[in-house]
Amino acid sequence: MRFNVAQMLQEPIGSTRWHKVQEARASWEGLQARHLEGWLKFTRTDMGIWVLGRLTAEVSAECSRCLADIEEPLGTEISEQFYPTVDISTGTAVANELVEDEAFRIDATNELDVREALRQNLITSLPMKPLCKPECAGICPECGVNRNESKCQCGEDIRDPRWARLYELLPSTDPGVERGR
């Protein structure tokens, strides 16, 4: 999603443009999205162009319990300042000590690329531990079977034998169960 902003960089501060975003598929390094839709508002500032927008997408993710592929619906807002790398009237490189090295830039051909800013905002909108469903049973740590698809043949209470003596010292919370099993 690249936008030519050469004309806008010559306009007075406060000038705005609206752009509708509608893409069937979008792909970034490590992130796949479908049905990317929303709007972006470009506003001319004294330093460059401020991009404000709201977008929704279905992002491919992996369930944190059973590792199944899922589509996670996300909504995100973008609010970023983009700085020009060349002066629009002279074509010379712009040196601005106040702008951080990691800031978003408008390239030498006056094209503003919102893909990286959008990728960063979508990644921060992803849940820390995405789930295919709230009641996902996950994968058995012993045999590796997906507990959503079939019943595991392992015992329900799998304990590390190295901790056996400590388990004997703890009082049981189950009624009718003695110490030491």
Side-chain angles (χ1 to χ4, degrees), residues 1-8 15-45 47-85 99-160:
M1 289 181 288
R2 298 173 65 87
F3 302 91
N4 189 315
V5 293
Q7 180 66 37
M8 193 168 188
S15 300
T16 60
R17 298 275 192 286
W18 291 84
H19 297 280
K20 185 175 182 179
V21 176
Q22 193 166 11
E23 294 196 20
R25 294 194 183 281
S27 180
W28 299 273
E29 183 181 323
L31 186 66
Q32 304 290 321
R34 296 182 329 129
H35 308 296
L36 181 62
E37 297 177 347
W39 55 267
L40 297 171
K41 177 184 176 186
F42 290 14
T43 305
R44 176 72 167 103
T45 66
M47 299 287 290
I49 295 181
W50 176 51
V51 177
L52 174 71
R54 287 197 178 109
L55 298 128
T56 59
E58 290 180 15
V59 177
S60 298
E62 188 175 77
C63 178
S64 63
R65 291 184 190 162
C66 70
L67 306 179
D69 290 330
I70 57 174
E71 293 288 324
E72 188 76 28
L74 291 180
T76 188
E77 291 187 8
I78 184 171
S79 179
E80 300 289 346
Q81 177 77 27
F82 287 76
Y83 301 94
T85 55
V99 178
E100 299 175 11
D101 289 337
E102 297 85 28
F104 294 109
R105 306 286 182 171
I106 300 168
D107 70 13
T109 61
N110 296 311
E111 286 196 347
L112 185 149
D113 189 353
V114 296
R115 289 180 295 190
E116 178 59 22
L118 183 56
R119 183 190 75 82
Q120 289 180 16
N121 281 280
L122 283 172
I123 285 175
T124 58
S125 298
L126 276 170
M128 291 277 249
K129 295 190 177 214
L131 296 175
C132 58
K133 55 187 176 187
E135 63 278 355
C136 177
I139 294 177
C140 174
E142 290 297 312
C143 66
V145 71
N146 185 341
R147 294 180 183 165
N148 296 318
E149 297 171 357
S150 62
K151 182 143 174 62
C152 174
Q153 300 303 320
C154 299
E156 288 295 321
D157 187 24
I158 301 168
R159 292 187 175 180
D160 189 333

Step-by-step side chain to side chain contact (heavy atoms under 4.5 Å, CB included) determination, L55 to I78
CA-CA 8 Å; L55 298 128; I78 184 171; 4.3 Å; yes
Partner set under side-chain contact (heavy atoms from CB on, under 4.5 Å) for D107, not counting sequence neighbours:
R2, T109, E111
Separation between CD1 of I106 and OG1 of T85, rounded to the nearest 0.5 Å:
8.0 Å
Return the minimal non-hydrogen interatomic distance between E80 and A117, and the atom names on each side.
CG-CB, 4.1 Å
SG-CG distance between C63 and N146, expressed to the nearest 0.5 angstrom
8.5 Å
Listed by chain and number, what are the side-chain contact (heavy atoms from CB on, under 4.5 Å) partners of P73, not counting sequence neighbours?
none
Distance check, rounded to the nearest 0.5 Å: N110 atom CG versus I49 atom CD1?
8.5 Å
Shortest non-hydrogen contact from F104 toward E116:
CE2-CG, 3.9 Å
Value rounded to 0.5 Å, distance of CG in L112 from CG in L40
9.0 Å
Going by ring pair (Phe, Tyr, Trp, His ring centres under 6.0 Å), name the residues that satisfy it together with H35, two or more places apart in sequence or in a different chain.
none
Report the C-alpha separation of V114 and V21 in whole Å, then their side-chain angles, then the decisive distance to 0.1 Å, and conclude whether the side chain to side chain contact (heavy atoms under 4.5 Å, CB included) test is met.
CA-CA 11 Å; V114 296; V21 176; over 6 Å; no
Of all heavy-atom pairs between G48 and P84, which one has the smallest distance, and what is that distance?
CA-CD, 3.8 Å
For a quick test of reading the model, state the closest non-hydrogen atom pair linking A137 to N148 and the distance between them.
N-OD1, 2.9 Å
Output side-chain donor-acceptor pairs under 3.5 Å for residues 125-136, partner residues at least two apart or in another chain, one line each.
residue	atom	partner	partner atom	Å
S125	OG	T76	OG1	3.3
S125	OG	N121	O	2.9

Can you find a heavy atom in the side chain of I123 that is under 4.5 Å from one in the side chain of R119?
yes
Only pairs at least two apart or in different chains count here, so list each salt bridge (Lys or Arg N to Asp or Glu O under 4.0 Å) that has a residue in residues 31-44.
R34-E58, R34-E71
Using the ring pair (Phe, Tyr, Trp, His ring centres under 6.0 Å) criterion, which residues pair with W28? Sequence neighbours excluded.
none
Let me confirm one number: the CZ-SG distance from R147 to C66, rounded to the nearest 0.5 Å.
11.5 Å
For F3, which of F82, F42, W18 qualifies under ring-ring contact (aromatic ring centres under 6.0 Å, His included)?
F42
Measure the spacing between NE2 of H19 and CE of M1 and express it to the nearest 0.5 Å.
12.0 Å
Exceeds 12 heavy-atom contacts within 6.0 angstrom, atom CZ of R54:
no
Does W50 form a side chain to side chain contact (heavy atoms under 4.5 Å, CB included) with Q81? I'd like the steps, not just the answer.
CA-CA 4 Å; W50 176 51; Q81 177 77 27; 3.6 Å; yes
